[in-house]
Peer 1: 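Below: one structure in structure tokens.
Since we're looking at a predicted model, the values are computed, not measured. So that the names make sense, note that chain A is the first sequence line, chain B the second, and so on, each numbered from 1.
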Amino acid sequence: MIALADCNNFYASCERVFNPALENKPIVVLSNNDGCIIARSNEAKSLGIKMGEPVFKARKIIEGNNVNVFSTNFALYGDMSNRVMSMLADVAPEIEIYSIDEAFIDFTGINNPSGFAGELKNDIRKSTGIPVSIGIGPTKTLAKIANHVAKKKTDSGIFCLDSPVKIDQILKEISVSDIWGIGSRYSSMLCGQNIRTAHDFIKLDEQWVLEKMTIVGLKTLQELKEHKHFALDTNPTWKKNICTSRSFGVKTKKLKDLKEAITSHSVRCAEKLRMQNACARYISVLIKTDPFNDKDRYYYGYRSVSFNSPTNDTIRIVQAANDLLKCIYKQGLTYKKAGVIVGDIVPQDRVQIDLFENLENDSEINSLHKAVDRINRSMGRDKVQILGQGLISKWGLKREKLSPCYTTRWEDILKIRC
DNA sequence: TCTGGGGTCCTAGGACCC
DNA sequence: TCTGGGGTCCTAGGACCC
């Protein structure tokens, strides 16, 4: 069985831990520039304040009910998250930290999952002050649904989908839009076909689902039928893209303001790359006008470029970003948002190997693959990469794109210590 | 000049998640 | 007047290679 532990109203709960006078009082937490509501306590939810709602629309409710309003404090939330996650990691053999406030936990071999989860929940509440709900099911997707039920329909905050009868019954009560992996587009498409509950969804023809919703939709359907597709990812690899973007507090027409924003976002991206000891192979820059302002024609400028060689160098990244900005900036428009994305990230010290130079027969190639797998598993990341034929055939042209640790001698990788 | 299958890389766009 | 930020995965088409 797999459990999903999810902190209740996480940001709001964090604020409450450090200010007990807020107990039973409505709380909301706001996004950057205090624009949107991104977290609500139960009391705020029952006042009718919606998730993601802009503050000005909820102004009346907030003022009329003395709702406590906070700007985000990510240093605090990150710290509280670490405390909760380390308690989970202490009691379980394997956990996957899925987001700042959620973790999947391997419950294999636990005799009384509900009882165990109940104790865990109480311990976390006692030690950290954070309330959590725990849902348990045979797959990740069902654990997500169990968690949803635990939050909405139980007082204990624990729910376990431990029999086919129970699963069948619950799926009839869950609407398609509450299934993990089915968002607004797919759920309105499904409702158009009169598919309204999770139970309706699993009755669908699998080929039809594959065609309409890609392989991801099909996997979701099968997970609801207890076929495991999504394994616990206990050893998450590095980020594949890193993005830094912000809306402007005050909108701007000036290239100078955009330059400043893009420069500081690029500096931040380079820092994040160095923090994970990695380099990026391409960079993108985006700027946007205000989509809600119909006086301006909506404009979304986006342009990418590949680096000659992977880099995490601040100066190169800032320069590339500013060059891209020049290509997409249009005079006369009023901009609301700017961002920088660095992507196709490779480890700084990755060893890349071309095996076609030296290895001829299949058994040698097989044993090389096995050795590489072993090294990567023990490092917990892709330390060694065997390159595809496409890159190699042009290696003379693309030499700069390869890692500094590129080799054609497969014996080299055997020197790497695990 | 026309022909073919199988493969990788690159990019953009669309869906989803918290 | 005022509408977040940071990610993942999949698909599809074109360029290019053998």
Peer 1: May I ask you to verify if any side-chain N or O of Arg281(A) is less than 4.0 angstrom from the OP1 or OP2 atom of dC9(B)?
Peer 2: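 Answer no for this pair, as no side-chain N or O of Arg281(A) is under 4.0 Å from OP1 or OP2.
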Peer 1: With the side chain of Ile38(A) defined as its heavy atoms from C-beta on, choose the nearest nucleotide among dG4(C), dG5(C), dT3(C).
Peer 2: dG4(C)
Peer 1: Taking only the side-chain nitrogens and oxygens of Lys240(A), find out if one of them lies under 4.0 Å from OP1 or OP2 of dC9(C).
Peer 2: yes
Peer 1: How is Ile341(A) classified with respect to the nucleic acid when contacts are heavy atoms under 4.0 Å: base, sugar-phosphate, or nothing?
Peer 2: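 Since no nucleic acid heavy atom lies under 4.0 Å of Ile341(A), the category is nothing.
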Peer 1: Looking only at side-chain N and O atoms, does Ser247(A) come under 4.0 Å of OP1 or OP2 in dG5(C)?
Peer 2: yes
Peer 1: Remember a base hit wins even if backbone is also touched, and classify Ser304(A) as base, sugar-phosphate or nothing at under 4.0 Å, heavy atoms.
Peer 2: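 The answer is sugar-phosphate, as Ser304(A) gets under 4.0 Å only of primed atoms, P, OP1 or OP2.
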Peer 1: Under 3.5 Å, is there a donor-acceptor pair between the Ser133(A) and Asn8(A) side chains?
Peer 2: yes
Peer 1: Under 4.0 Å: is that the gap between some side-chain N or O of Asn241(A) and OP1 or OP2 of dT8(C)?
Peer 2: yes
Peer 1: In whole angstrom, give the distance that lies between atom NE2 of His265(A) and atom P of dG6(C).
Peer 2: 8 Å
Peer 1: Can any side-chain N or O of Glu223(A) pair as donor or acceptor with the backbone N or O of Thr220(A) at less than 3.5 Å?
Peer 2: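 No; zero donor-acceptor contacts below 3.5 Å.
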Peer 1: Rounded to whole angstroms, how far apart are CD1 on Ile100(A) and P on dG7(C)?
Peer 2: 12 Å
Peer 1: Mind checking if Arg246(A) touches a base, just sugar-phosphate, or nothing, with heavy atoms under 4.0 Å?
Peer 2: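 Result for Arg246(A) = sugar-phosphate.
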Peer 1: Say whether, by atom type as modelled, one donor and one acceptor occur between the side chain of Glu96(A) and the main chain of Asp233(A) under 3.5 angstrom.
Peer 2: yes
Peer 1: Is there a donor in the side chain of Ser187(A) and an acceptor in the side chain of Ser177(A), or the other way round, less than 3.5 Å apart?
Peer 2: no
Peer 1: Quick check for you: among dC2(C), dG6(C), dG4(C), whose closest atom lies nearest to any side-chain atom of Thr244(A)?
Peer 2: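 Selected nucleotide (nearest to the side chain): dG6(C).
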Peer 1: Which base sits across from dC18(C) as a Watson-Crick or G-U pair, both distances under 3.5 Å?
Peer 2: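 By the stated definition (distances under 3.5 Å), dG5(B) pairs with dC18(C).
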Peer 1: Do Lys166(A) and Phe159(A) meet the cation-pi criteria used here (NZ or CZ under 6.0 Å from the six-membered ring centre, within 45° of the axis)?
Peer 2: yes
Peer 1: Taking only nitrogen or oxygen atoms into account, show me every contact under 3.5 Å that the protein makes with nucleotides 10-14 of chain C, one pair per line with its distance.
Peer 2:
none

Peer 1: Between Lys336(A) and Lys239(A), which has a closest nucleotide on DNA chain C that is more 5'?
Peer 2: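 Checking each residue's closest nucleotide, the 5'-ward one belongs to Lys336(A).
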Peer 1: Starting at NZ of Lys337(A) and ending at C1' of dT3(C), how long is that distance when rounded to a whole Å?
Peer 2: 11 Å
Peer 1: For the side chain of Glu102(A), starting at C-beta, report the closest nucleotide among dG4(C), dC18(B), dG5(C).
Peer 2: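 Looking only at side-chain atoms, Glu102(A) lies closest to dC18(B).
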Peer 1: To the side chain of Lys144(A), which of dG5(C), dC17(B), dG7(C) is closest?
Peer 2: dC17(B)
Peer 1: Using the aromatic ring of Tyr186(A) (for Trp, its six-membered ring), decide whether it stacks on the base of dC16(B) within the limits of 5.5 Å and 30°.
Peer 2: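 Check failed, Tyr186(A) does not stack on base of dC16(B).
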Peer 1: Compare the minimum distances between each of dC16(B), dC18(B), dC2(C) and the side chain of Ser184(A), then state the nucleotide with the smallest one.
Peer 2: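 For the Ser184(A) side chain, the nearest candidate turns out to be dC16(B).
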Peer 1: For the pair made of CG in Leu286(A) and C1' in dG7(C), what is the distance, rounded to whole Å?
Peer 2: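 The distance from CG of Leu286(A) to C1' of dG7(C) comes to 14 Å, rounded to the nearest Å.
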Peer 1: As a test of reading the structure: which of dG7(C), dC17(B), dG5(C) is closest to the side chain of Tyr98(A), going by heavy atoms?
Peer 2: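 Nucleotide nearest to Tyr98(A)'s side chain: dC17(B).
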Peer 1: Applying a 4.0 Å non-hydrogen cut-off, can you work out what Asn33(A) is touching in the nucleic acid: base, sugar-phosphate, or nothing?
Peer 2: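 Nothing: the residue Asn33(A), judged by heavy atoms under 4.0 Å, touches no strand.
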Peer 1: In whole angstrom, what separates Ile37(A)'s CD1 from dG4(C)'s C1'?
Peer 2: 12 Å
Peer 1: In whole angstrom, give the distance that lies between atom CZ of Arg40(A) and atom P of dG4(C).
Peer 2: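 Taking CZ of Arg40(A) and P of dG4(C), I get 16 Å after rounding.
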Peer 1: Within this structure, what is the OH-to-C1' distance between Tyr11(A) and dG4(C), rounded to whole angstrom?
Peer 2: 10 Å
Peer 1: Would you verify whether the NZ or CZ of Lys140(A) falls within 45 degrees of the ring axis of Phe104(A) while also being under 6.0 Å from that six-membered ring's centre?
Peer 2: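 Yes; both conditions hold, so Lys140(A) lies above the ring face of Phe104(A).
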Peer 1: Measure the acute angle between the ring planes of Tyr302(A) and Tyr300(A), then classify it against the limits of 30° and 60° as parallel, tilted or perpendicular.
Peer 2: parallel
Peer 1: Decide whether Arg274(A) and Thr314(A) meet the rule of one side-chain donor and one side-chain acceptor closer than 3.5 Å.
Peer 2: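 Yes.
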Peer 1: How many whole angstroms separate atom CG of Asn32(A) from atom P of dG5(C)?
Peer 2: 4 Å
